[in-house]
Amino acid sequence: MDNSLYKKYSPTTNTYQFMVHSPGRVNLIGEHTDYNNGYVLPAAIDRTIDLKFSRNDSSNKCSVYSKQYNSTFIFTLDELPKAKNPWERFVIGVVSELMELSENIQGFDCFIDSYLPIGSGVSSSAALECGLATGLNELFELGLNQWDIIKLSQRAEHNFVGTQCGIMDQFASVLGKEDHAMFLDCKTLEFEYIPMSIRPYCLLLLNTNVDHELSSGAYNKRRNECEAGLDVLKEHFEHVSTLRDVTKEMLDTCAESMGSTVYKRCSYVIEENQRVLDAVQALKNNNLKEFGNLMYETHKGLSEKYEVSCPELDFLVEYSRTESRLLGSRMMGGGFGGCTLNIIHSDAVESFVQDVSKAYYEKFNIQLSSFQALPSQGTFITK
Ligand code: GLA
């Protein structure tokens, strides 16, 4: 590829037509339930990836610059190249999926800057995919709606990144609403905004700084294990189409035929779906203590039954019990690293972060980082 193109089509920080702000997300509860047609309760957060877009004067030359990687990806639309760096796979993925839907994409420049930690379980991947898709939809007036953007971004992740993810992250990033969580039924895609004013408590994220990027193999494996469990259940019970239709009693009757690992995975998913329903009720009743307890139970399930935690995450969740003004803690997202999500009284944040950072460093020799997240609006555009 001719690198001199970059000079000609160079995106600069100053000249652009509009900027897309694409948020990360937290998931309050309902982990690894989305691809099992279950329930989730995420929220978009006040940290975004910002993407500046402009058309250039070519019909097919594109240039995408990532500030974090200090790298420019140049390609032509008629011959999409293989991605050389991981982040380029997202770009190729989204552009390819868009080109399946429309013939109207032409040359463009894009400048990407991120205020979201990468690989930390706050869904920088979905933010990037949905931000790109939203920007190109606007730039070339493709006429796609928000669900088109959510679904094509998920397909980009499946087909070009290789993670067989569910719909939660893309959904939360695009459709988030300020001060609200979103209760999504991943089977019907119906959802409800749940008011989330938890002051004087707040959402605190503790980042293990253990990168989970290499875990997509384990993620896909969990998905396959759940599908294997479902196949066994379908043989025994005619009306079952998802794990949601299954009670613990029904699962127990199939325990032997599915083997202990698959049994554990399915058992976690069935319990987690119920926890989401209970958590929504607790939130509606403003019962944050109950909500916090459910978070702890989720963590236990993810650690012991679903086996997607890691020593660093388990340590942080266990340590959280030393602070009485902290109501609940759990690992968040796909697992194997990334962040824990904590509900904690605002007055306790500073001293708790100090203590836990010290203890974490002593144990793992890794610097902890932390930030607070506010439920915020989904993808938006500014000029
Ligand atoms: C990742 C995936 C989501 C979801 C979570 C686990 O973030 O992208 O679809 O499965 O893991 O809940």
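The first residue of the sequence shown is numbered 1, and numbering continues consecutively from there. Whatever order the structure lists ligands and atoms in, that order sets their numbers, starting from 1. It should be emphasised that the depicted structure is a prediction, and the values quoted were computed from it without experimental measurement.
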Within ligand 1, which atoms have a heavy atom of R25 less than 4.0 Å away? 7 (O)
Will you find, in the side chains of S241 and D245, an N or O donor that is under 3.5 Å from an N or O acceptor? yes
List ligand 1 atoms under 4.0 Å from G333, heavy atoms only on the residue side. 6 (C), 11 (O)
Hey, which atoms in ligand 1 end up nearer than 4.0 Å to a heavy atom of G166? 9 (O)
Can you find a side-chain donor-acceptor pair between D314 and S309 that sits under 3.5 Å? yes
Close approach of Q154 to ligand 1, heavy atoms, under 4.0 angstrom: no
In terms of ring plane angle, is the pair H180 and Y193 parallel, tilted or perpendicular, where the classes change at 30° and 60°? perpendicular
Students should be able to answer this: which protein heavy-atom is nearest to atom 5 (C) of ligand 1, and at what distance? M168 CE, 3.8 Å
Atom 7 (O) of ligand 1: the protein heavy-atom neighbour that sits closest, reported with distance to 0.1 Å: D169 OD2, 2.7 Å
Heavy-atom contacts with Y219 under 4.0 Å: which atoms of ligand 1 show up? List them by number with element. 1 (C), 2 (C), 3 (C), 4 (C), 9 (O), 10 (O), 11 (O)
Are E100 and R155 within salt-bridge range, i.e. N to O under 4.0 Å? no
Name all pairs fulfilling the ring-ring contact (aromatic ring centres under 6.0 Å, His included) condition that reach into residues 253-300, sequence neighbours left out, sorted by first residue then second. Y268-Y306
By number and element, which atoms of ligand 1 are closer than 4.0 Å to a non-hydrogen atom of D34? 3 (C), 4 (C), 9 (O), 10 (O)
Between F140 and F108, what is the ring plane arrangement, given parallel below 30°, perpendicular above 60°, and tilted in between? perpendicular
Close-contact set for ligand 1 against Y35 heavy atoms, below 4.0 Å: 10 (O)
I'd like to check which ligand 1 atoms, numbered from 1 as shown, lie under 4.0 Å from a non-hydrogen atom of C165. 2 (C), 8 (O), 9 (O)
Would E297 and K300 pass as an ion pair if we require N to O under 4.0 Å? no
